[in-house]
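FYI, side chains are in, hydrogens and waters are out, and symmetry mates aren't considered; it's all heavy atoms of this structure. In what follows, residues are counted from 1 in the order of the sequence shown.
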Amino acid sequence: MSDSTPAAPVVLDVWCDLECPDCHRALGDVRALRARYGDRVEIRLRHFPLEKHKYAYAAAQAAEEAAAQGQDWPYVEALLARTEDLGKGGEPVLLDVARELGLDAEEFDTALVDGRHLLIVDADQAEGKAIGVTGTPTYVVGDERLDGGKSQEGLRERIEEIVDRLLAAQG
């Protein structure tokens with residue numbers, strides 16, 4: 001029997017506003033990183049709803065309900081593909097996306113009313129502020145924070161450099 005345990009995955013936190021057009025554009029990078037690294041990198045969605053986006057806070061709660069129903073990333077990706085619709089259509093879009101994915105839309109509606117996911121969203125936002133997140137998307141990998149809200153040019157390559165270095169350090 002071997003004493004070696006598999007190395008823990010590198011964690012990449014993606015601070016995101018689900019109504020943010022920049023986060024929508026960043027989705028391609030997130031997919032590419034997931035494809036390149038598989039289970040060697042744990043990509044975690046962290047909520048950072050911006051005040052300028054009227055439905056971002058509700059969208060973050062809806063994403064948590066999707067996670068509770070086992071469809072976190074499929075829901076996030078489907079919702080990010082519709083940031084413009086969300087901005088125009090509001091909370092009904094959150095329920096439409098849930099229905100399209102075969103999720104329990106009534107439970108989504110109830111979750112938005114009863115606020116069962118508020119603490120998760122608030123905790124993410126508070127942690128983001130504490131580490132200096134000011135816009136979205138912002139990536140945190142290792143001890144480095146990369147702001148994609150200003151420019152996403154070369155960002156994926158920079159994330160890959162950091163991840164490769166962290167994976168190499170694991171041996």
Chemist: To the nearest 0.5 Å, what is the distance between CG (Leu27) and CZ (Arg25)?
Modeler: 12.0 Å

Chemist: If I compare all heavy atoms of His117 with all of Ala111, which pair ends up nearest, and what's the gap?
Modeler: CD2-CB, 4.0 Å

Chemist: Under 4.5 Å between side-chain heavy atoms, counting indirect links through other Ile/Leu/Val/Met/Phe/Trp/Tyr residues: same cluster for Val140 and Val41 or not?
Modeler: no

Chemist: More than 12 heavy atoms of other residues, nucleotides or ligands under 6.0 Å from CD of Glu157: yes or no?
Modeler: yes

Chemist: Enter the distance from Leu86:CG to Cys20:SG here, rounded to the nearest 0.5 Å.
Modeler: 11.5 Å

Chemist: Do NZ/NE/NH1/NH2 and the carboxylate oxygens of Lys52 and Glu19 come within less than 4.0 Å?
Modeler: no

Chemist: When you look at Glu65 and Gln61, which way does the side chain to side chain donor-acceptor pair (under 3.5 Å) test go after all the steps?
Modeler: CA-CA 6 Å; Glu65 180 56 32; Gln61 293 176 69; over 6 Å; no

Chemist: Identify the heavy atoms of Leu103 and Ala66 that sit nearest to each other, and give their distance.
Modeler: CD1-CB, 4.2 Å

Chemist: For the CD atom of Gln71 and the CG atom of Leu101, what is their distance to the nearest 0.5 Å?
Modeler: 6.0 Å

Chemist: Any side-chain heavy-atom pair from Leu79 and Leu94 closer than 4.5 angstrom?
Modeler: yes

Chemist: Return yes when atom CG of Asp39 has more than 12 non-hydrogen atoms of other residues, nucleotides or ligands closer than 6.0 Å, and no otherwise.
Modeler: no

Chemist: To the nearest 0.5 Å, what is the distance between CD1 (Ile43) and CZ (Arg31)?
Modeler: 11.5 Å

Chemist: Okay, side chain of Asp17, backbone of Leu50: is any donor-acceptor separation there less than 3.5 Å?
Modeler: yes

Chemist: Measure the CZ-CD1 distance between Arg36 and Ile159 for me, rounded to the nearest 0.5 Å.
Modeler: 11.5 Å

Chemist: Indicate, with yes or no, if Tyr55 and Leu45 share a hydrophobic cluster defined by side-chain heavy-atom contacts under 4.5 Å among Ile, Leu, Val, Met, Phe, Trp and Tyr.
Modeler: yes

Chemist: Just by distance, do the side chain of Arg158 and the backbone of Leu146 share a donor-acceptor pair under 3.5 Å?
Modeler: no

Chemist: When hydrophobic residues are tied together by side-chain contacts of less than 4.5 Å, even through go-betweens, does Val121 share a cluster with Val133?
Modeler: no

Chemist: If you group Ile, Leu, Val, Met, Phe, Trp and Tyr by side-chain heavy-atom gaps below 4.5 Å, do Val14 and Tyr57 land in one group?
Modeler: no

Chemist: Would you check if Arg34 and Trp73 make a side-chain contact, meaning some heavy-atom pair closer than 4.5 Å?
Modeler: yes

Chemist: Looking only at non-hydrogen atoms, find the nearest pair between Gly89 and Pro92 and report the distance.
Modeler: O-CD, 3.2 Å

Chemist: Using 0.5 Å steps for rounding, measure from the CD atom of Glu42 to the CG atom of Asp13.
Modeler: 8.0 Å

Chemist: Stepwise, does the side chain to side chain contact (heavy atoms under 4.5 Å, CB included) test hold for Gln170 with Val10?
Modeler: CA-CA 9 Å; Gln170 288 180 349; Val10 170; 4.1 Å; yes

Chemist: For the pair Trp15 and Phe48, name the ring-plane relationship: parallel under 30°, tilted 30 to 60°, perpendicular over 60°.
Modeler: perpendicular

Chemist: Mind checking whether Pro137 and Cys16 have side chains closer than 4.5 Å, heavy atoms only?
Modeler: no

Chemist: Taking NZ, NE, NH1 and NH2 as the nitrogens, is one of them in Arg44 or Asp124 under 4.0 Å from a carboxylate oxygen of the other?
Modeler: no

Chemist: Run the salt-bridge test on Arg165 and Glu161 with the 4.0 Å N-O cut-off and return the result as yes or no.
Modeler: no

Chemist: Within a strict 4.5 Å, meaning less than it, do heavy atoms of the Glu160 and Tyr37 side chains meet?
Modeler: yes

Chemist: Answer yes or no: is there a side-chain heavy-atom contact under 4.5 Å between Pro21 and His53?
Modeler: yes

Chemist: Spell out, yes or no, whether Leu155 and Leu80 are grouped together once hydrophobic residues are joined by side-chain heavy atoms under 4.5 Å, including indirect joins.
Modeler: yes

Chemist: Would you list the pairs meeting salt bridge (charged side-chain N to carboxylate O under 4.0 Å, His left out) in which at least one residue belongs to residues 86-102, sequence neighbours left out?
Modeler: Arg82-Glu100, Glu84-Lys88, Asp96-Arg99

Chemist: Which heavy-atom pair separates Pro49 from His47 by the least distance, and what is that distance?
Modeler: CD-C, 3.6 Å

